[in-house]
Amino acid sequence: MSNWSAKAFRPLKFLILLCAITGCATAASPPMPEETSSLAKRFQAELDAAYEEYGFPGATAAYILPDGQTGSAAAGYADVEAKIPMRTESRMLAASIGKSIVAATVLALAQEEKLHLDDPISTWLGDEPWFKRLPNHDEITLRQLLLHTSGLPDHVYMAKYSDEFSREWSNAGNPSPPSSVIEFILDQPALFRPGEDWAYSDTGYLLIGLIIEKASDYTFYEEAVQRFLVPLRMGLTTPSDLPIIPGLAAGYLPAKNNFNIPPKTTIAPGIMAWNPAREWTGGGFASNPRDLAVWAKALYEGRAIKGDYLKDLFTSAPVGGEDSGVRYGAGVGIYEKTPLGPSYGHGGGIPGYTSSMRYYPEYGVAIAFQLNTDEGISDGTRPIDHYYNELQLRLAKVVTDSLGK
């Protein structure tokens with residue numbers, strides 16, 4: 001039996017930790033003062049312009065400056081039908097940005113010598129009854145899972161998984177714990193031998209979650225809360241392990257989608273139509289751009305974990321070939337050439353939501369935004385840069401230009 005099923009949450013302790021960052025009833029207000037300068041006004045104006053130009057339902061965005069001061073903006077609606085305006089503290093599912101927290105948890109455990117990145121994953125998972133049916137099971141290392149160089153397929157894009165999600169999304173509870181999701185890639189051919197190429201795999205990050213819980217005394221979410229969310233005062237970030245998420249903006253997706261889920265993610269304010277718990281360590285958090293910017297700055301400046309972890313964080317593999325200018329480290333995208341110099345970060349997409357988090361080391365600033373739609377991205381009706389790369393650059397330029405560098 002895996003730790004995920006055998007190691008039950010310590011409910012009282014975990015509730016105390018969550019209350020420390022959320023106030024128990026609603027998401028906490030940002031602890032740091034926000035700017036009221038001309039920069040904050042220009043940042044809001046840029047988001048407003050993007051809202052008018054791109055036509056997304058709503059958006060939130062935030063930045064953090066070299067001195068730690070933050071600024072936030074919001075545009076559009078958190079619920080279009082109810083005409084509820086988007087607010088700077090509105091929350092959305094952050095999707096795969098959560099992989100940066102998963103990877104950081106692994107790096108923290110490595111610093112404490114509770115695990116070793118280059119050991120084979122059989123060290124922790126070899127006694128699972130399904131382990132030998134896993135592609136490349138006898139060769140994969142933990143570091144290769146982190147870098148997406150394991151050669152594992154990704155269950156998210158498999159027709160069998162889409163069919164299962166379509167049938168089960170309305171069921172109460174979480175019908176798809178990690179072991180049942182991992183089953184979708186068992187007995188499948190490997191994409192390549194470990195270390196020889198790169199292919200994104202959410203399934204690989206579910207395996208990482210199981211490893212974290214084998215190597216740790218706590219569940220993954222307990223680790224994340226006590227190691228990162230509480231110390232960094234990320235009061236708008238919580239596990240998305242239940243359909244009830246206070247402060248969650250409604251998300252919108254195409255009426256025709258691969259999972260046959262409703263085109264609106266919520267059935268009432270803060271209550272989702274489907275359970276996001278199935279994402280787990282593939283992402284697994286609801287958040288807000290202010291928190292994401294704080295997280296990016298702390299993580300990529302080397303302040304999120306005790307010890308010298310940046311070498312392991314930035315050890316990376318090329319994405320799309322050596323000349324692509326993009327590499328992937330331990331839960332981090334490394335963009336070597338942008339108009340603002342190199343940047344580090346991660347994106348996130350899940351039905352109804354799109355998120356972006358970037359840190360620009362030459363300026364010491366982090367920028368994040370969230371949109372309450374994935375329409376035009378997941379369905380391919382618009383180029384992704386309309387919502388994603390272009391918006392990230394537009395917002396970042398407003399902030400970096402203000403620094404006069």
Has [X] got a side-chain atom pairing as donor or acceptor with [Y]'s backbone, closer than 3.5 angstrom?
X	Y	result
Tyr252	Val80	yes
Ser324	Val319	yes
Thr354	Thr373	yes
Thr60	Pro289	no

Legend entry - Centroid-centroid distance, Phe285 to Tyr221, less than 6.0 Å: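 Centroid separation for Phe285 and Tyr221: below 6.0 Å.
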Inset, instruction - Verify whether the ring centers belonging to Tyr63 and Phe43 lie closer than 6.0 Å. - result: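 Yes, they do, as the ring centres are separated by less than 6.0 Å.
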Inset, instruction - Start with the C-alpha gap between Lys264 and Asp79, add the side-chain angles, then the distance that decides, and say whether salt bridge (Lys or Arg N to Asp or Glu O under 4.0 Å) holds. - result: CA-CA 9 Å; Lys264 184 177 181 180; Asp79 189 311; 3.0 Å; yes
Check this for me, if you would: do [X] and [Y] make a salt bridge, where the nitrogen-to-carboxylate-oxygen distance has to be below 4.0 angstrom?
X	Y	answer
Asp48	Arg42	no
Asp312	Arg143	yes
Glu128	Arg133	no

I'd like to know whether [atom1] of [X] has more than 12 heavy-atom contacts from other residues, nucleotides or ligands below 6.0 angstrom.
X	atom1	answer
Lys397	NZ	no
Arg193	CZ	no
Arg87	CZ	no
Asp323	CG	no
Lys132	NZ	no
Phe314	CZ	yes

Do the ring planes of [X] and [Y] sit parallel (below 30°), tilted (30 to 60°) or perpendicular (above 60°)?
X	Y	value
Phe56	Tyr51	tilted
Phe259	Phe165	tilted
Tyr359	Tyr300	tilted

Just checking, is any N or O donor in the side chain of [X] or [Y] under 3.5 Å from an acceptor N or O on the other one?
X	Y	result
Tyr218	Glu213	no
Gln144	Thr149	no
Ser356	Gln392	yes
Thr88	Ser72	no
Ser100	Trp295	yes

Please give me the minimum heavy-atom distance between [X] and [Y], naming the atom from each residue.
X	Y	result
Ser96	Asp202	OG-OD1, 3.9 Å
Asn372	Pro57	OD1-CB, 3.4 Å
Ala49	Arg394	CB-NH2, 3.8 Å

Legend entry - Any Ile185 side-chain heavy atom under 4.5 Å of Met158 side chain: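 Yes, close enough: below the 4.5 Å cut-off.
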Inset, instruction - Look up atom OG in Ser150 and atom CG in Asp197, then write down how far apart they are to the nearest 0.5 Å. - result: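 Rounded to the nearest 0.5 Å, the OG-CG separation comes out at 11.0 Å.
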Legend entry - Six-ring centre of Tyr205, Lys99 cation under 6.0 angstrom, axis tolerance 45°: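 The answer is yes, since Lys99 meets both limits relative to Tyr205.
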